[in-house]
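Encoded as C-alpha cells, the structure appears first; notes follow it.
Just so you know, ligand 1 is whichever comes first in the structure, and atom 1 is the first atom listed for that ligand. The structure presented is a predicted model; accordingly, all values stated were derived computationally and were not measured. Along the sequence shown, the residues carry numbers beginning at 1.
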Amino acid sequence: MPAKQDPAARAAELRDEIARHDQAYYVQQKPTISDRAYDELYRELRELEAAHPELATPDSPTRRVGNELPEGSKFPTVAHRRPMLSLDNTYSEEEVRHFEQETVRKRLAKAGVAEAPEFAVELKIDGTAVSLWYERGLFVKGLTRGDGVRGEDITANLRTIREIPLRLRAKGEPPAFVELRGEVYLPRSEFARINAQREEQGLETFVNPRNAAAGTLKQKNPKAVAERRLGVFVHTPGSFEGVAFERYHLFLETVRAWGLPVNPHRRVCKDAGEILAFIAEYDMPRRTYDYDTDGIVIKVDQLALHETLGTTAKSPRYAIAYKYKPEEAETTVLDIEAHVGKTGVLTPRARFEPVFVAGTTVTYASLHNQDEIDRKDIRIGDRVTIEKAGEIIPQVVRVLVEKRRGDPPKYRLPEACPVCGTATVRREDEVALRCPNARCPGRFRERIVYFAGRGCMDIEALGEKMVDKLIAAGLLKDLPDIYRLERAKLLELERTGEKSIDNLLANIEASKRNDLARLLAGLNMPHVGTRNAELLAEHFETLDALRKAGVEELEAVEGVGPVMAQALVDYFADPDERARVDGLVAAGLNTKSLTAKVRKQAAASGGAFAGKVFVLTGDLGKYSREEASKLIKDRGGKTASSVSAKTDYVLAGEKAGSKLKKAEQLGVKVIDLEAFEKLLAE
Ligand code: IVH
C-alpha cells in the first residue's frame, strides 16, 4: 500500500477493487486476480477499517455477513413499492398462441396502439422471488414476496449472497432509487452437497432446491446463509427514480452492467412461432443447467405497453408463463416405512412398485416428514406420480386421488419409536418427529452401520447384515463393542463360518490404523460429515487437541461456523459421547491425523498435484470417489464439489453431466481417467 495515501481514499479504492473482482468472479465467472492477491486486498481493507472504524461504509465487502437475529424474533415486514404479482400459467401451444393473439395483440389494437408488440422470452427459474432496493446505488433493502403486498425484510441474508453487489456499478451518478426483482435459487450442485451432508448428519433433507433456497433465506443467522452458495437472477423491473427504460431486454442489459446476474438464455421474439421455437429449443438443454427451471416466461418487450395492457387482480396481462411437462411416472405405494436414523429422526419412506423414470428404476422415495405426507395426502395403496428432483432424487409429485379405492386410512408416523417403543417427540421449530431415547437400539444400529461404512472406518465385513446379527446375539451394543468382539464368541454365531469371522476380525484390526479424519467422520458429531471431519483432522492433527478446543478455536477452522463450534463443544461435554470416545481410544484406535503431515509436505513439493483443485464427476471406473479424492489429496491437491473458476482440473469419468458442461463453459481443463493415471505416475 502506498505509504502516504489517505486512509479514506485507500479504503474506497480497496472496496471498489474488491467489488470489481467479486463481480468478475461471481457474475461473469472470469476471475481477474489470484485468490491470494484477493485475500491480501481483503485483509488490507479489514485492517484499515479496524484502525479507522469511521471508514467502514455499509457497502464494504467486509460487512457482508451480519449478526444473528435474536431468538424468537421475526423478520419485520415492509410494504412493497408496487405489489409483487405472480404469472398466469399455460401448458400448451394453443394457450401461448391465445396469449399472443387475444391477450396482447387484440387488446393493444382495441386500445388504439399501432406499434407491433415484441416478446422477450426467457427461462423461468424455479426459485424464490425477492425484491432488491438500491438507493443512490447502495443496496439498502431486500424483501421476500410475502403476500405480494408486504414482504419480509431479509436484507441481512441477501447481503451474504456474493452475486448481489452491495453497490451498483453505475457509470456516472447512480440512479436515485431502483428496485429490482428476481429469483434466488440454490444451485443443484449445492443442493446435492447440502443434502448429502444433512443425510450424513441425520438431519432432514430438503425436498428440492426451491424449498432449500426459500428455507435458507428465512434463516435467522446470516452466517448459516453465507455457508450455502445461493445464486440470483434478476427478471423484473420494480420501480425507479432517476432512470427509465423503454424495453425489457435493454433493462436486463443495464442490470447486467450494474453488476447483477441476468440469465443468459433469452431472446426477443416477433410472434408466437418464434416463441414456440424457443420453448422447444430449450426443453432439453435446460435440464443440464446447475439450477432448476420449470418453464419459460414470455413478456411484452415494450415496457410502455405494460401500462396499456394492465393487470388482473393477481397477474399482469403483459406476461405469461409456459410450464414444461416434468418427466413423471405413475406407480403404486406398496408401503410406508418409518426409518429411525442415527440421530433419532423418523423418516417416512415409500416403497413402490418398481418403475422406470428419467433413466433409472425407482423403488423407494423419502416422504421427508409428516407435514409432507399430510400436504400430499399420501396413503398406502395409492397410485401416485413420481418425478426426480433436480433430475436425481425421486419424489412423489401427487396422489392420483381419482384412482384411490375406498378410503384407506391416513398414514401417521408412529407415536412410539418403531424400534424401542419410546414415545416420539417433535422439537419446537422442527418438523421432524424423533425418538428422544439417546440409547435407542435403532439409533445405535444406524450409528454402528454408519461408523463401519465407507467414508468412515470402512470395516468392509461389518455391513448391515452382520451388524444385525451381532446385535441380535447381544455382542454389539455400542461403537467400542466392535473392538471387544472375541473370536470364541463369534464362532458360536449361527451360519457364520470361521473364514468370515477371521476376515471380520482382520478388517476390524486394520481399521484401528485409520486416519483420524475417518474416526471423526464415524463419530456422528453434529454437522460433521466426511468433509468437515477432514478439515477438523487436518487442522487439529490429534483427537486430543480437538477435544480440548473451545468455541473460539473451533470457529477459526475453515468451514466451521458458530453453530457448529458450539455443537462440537456440547458433543464432547456429553457424558455418553465421552465414554464412547474414551472406549474407542482405549481400544487402541489411531487418534492422529496421518494425512495432515504427508499432505503438508506434498503441497510444498511442487509436484503435479501440489495446490491443484480437482472436481470429480461421472463414473470413475475402478476408483470410488473417496479413493480418487484421497489419491489427489495425498499428493498435495484438493478436491471441491462444484466447478468454479478456481478449479484446475475436472476429472470426468463416464456419463459426466452438468459439471463437465460447466467446466467447458468456464474453460477449465478436463481430464479423463487415462490422463489422471498419467499424472499419478509422474
Ligand atoms: S417475471 C408479475 N420472469 O415466477 C410477475 N418471473 O409465477 C413477473 N419467476 O413471481 C415475474 N423466473 O418469482 C418472471 N424469468 C422470470 C422468472 C419469474 C421465475 C418467478 C417469479 C414470479 C413467479 C410467477
Going by the closest heavy atom to [atom], which one wins out of [options]?
| atom | options | value |
| --- | --- | --- |
| atom 7 (O) of ligand 1 | Arg145, Met84, Lys124, Lys314 | Lys124 |
| atom 13 (O) of ligand 1 | Lys323, Arg181, Glu183 | Glu183 |
| atom 12 (N) of ligand 1 | Ile125, Asp88, Ile296 | Ile125 |

Glu122 N/O under 3.5 Å from ligand 1 N/O: yes
Test of proximity, Leu123 against ligand 1: N or O pairs below 3.5 Å: yes
With a 4.0 Å cut-off on N to O distance, would you call [X] and [Y] a salt bridge?
| X | Y | answer |
| --- | --- | --- |
| Asp290 | Arg188 | no |
| Arg82 | Glu179 | no |
| Glu253 | Arg256 | yes |
| Glu372 | Arg375 | yes |

Where Pro187 and Leu230 come nearest, the two heavy atoms and their spacing: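 Smallest heavy-atom distance, with atoms named: CD-CA, 4.4 Å.
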Minimum heavy-atom distance between Val355 and Glu330, given as atom pair plus value: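 Looking at all heavy atoms of both residues, the closest pair is CG2-O, 3.7 Å.
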Mode of Leu87 contact toward ligand 1 - side chain, backbone, both, neither (heavy atoms, under 4.0 Å): both
Residue portion contacting ligand 1 (non-hydrogen atoms closer than 4.0 Å) for Lys299: side chain
cation_pi(Arg267, Tyr282) dist<6.0 Å, angle<=45: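 That pair does not qualify as a cation-pi contact.
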Tyr185 ring center near Phe233 ring center (under 6.0 Å): yes
Any Thr311 heavy atom less than 4.0 Å from ligand 1: no
Heavy-atom gap Pro316 to ligand 1 smaller than 4.0 Å: yes
Per-atom contacts, ligand 1 versus Val297 - under 4.0 Å to a heavy atom: 3 (N), 15 (N), 16 (C), 17 (C)
Where ligand 1 meets Thr236 - atom numbers and elements under 4.0 angstrom, heavy-atom basis: 1 (S), 8 (C), 11 (C)
Nearest non-hydrogen protein atom, atom 18 (C) of ligand 1: His235 NE2, 3.3 Å
Minimum-distance protein heavy atom relative to atom 5 (C) of ligand 1: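 Protein heavy atom with the smallest distance to atom 5 (C) of ligand 1: Leu85 O, 3.5 Å.
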Crowding at NZ, Lys314 (>12 non-hydrogen neighbours, <6.0 Å):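 No, the 6.0 Å shell around NZ holds no more than 12 heavy atoms from other groups.
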Nearest protein heavy atom under 4.0 Å from atom 2 (C) of ligand 1, yes or no: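 Protein heavy atoms within 4.0 Å of atom 2 (C) of ligand 1 - there is at least one.
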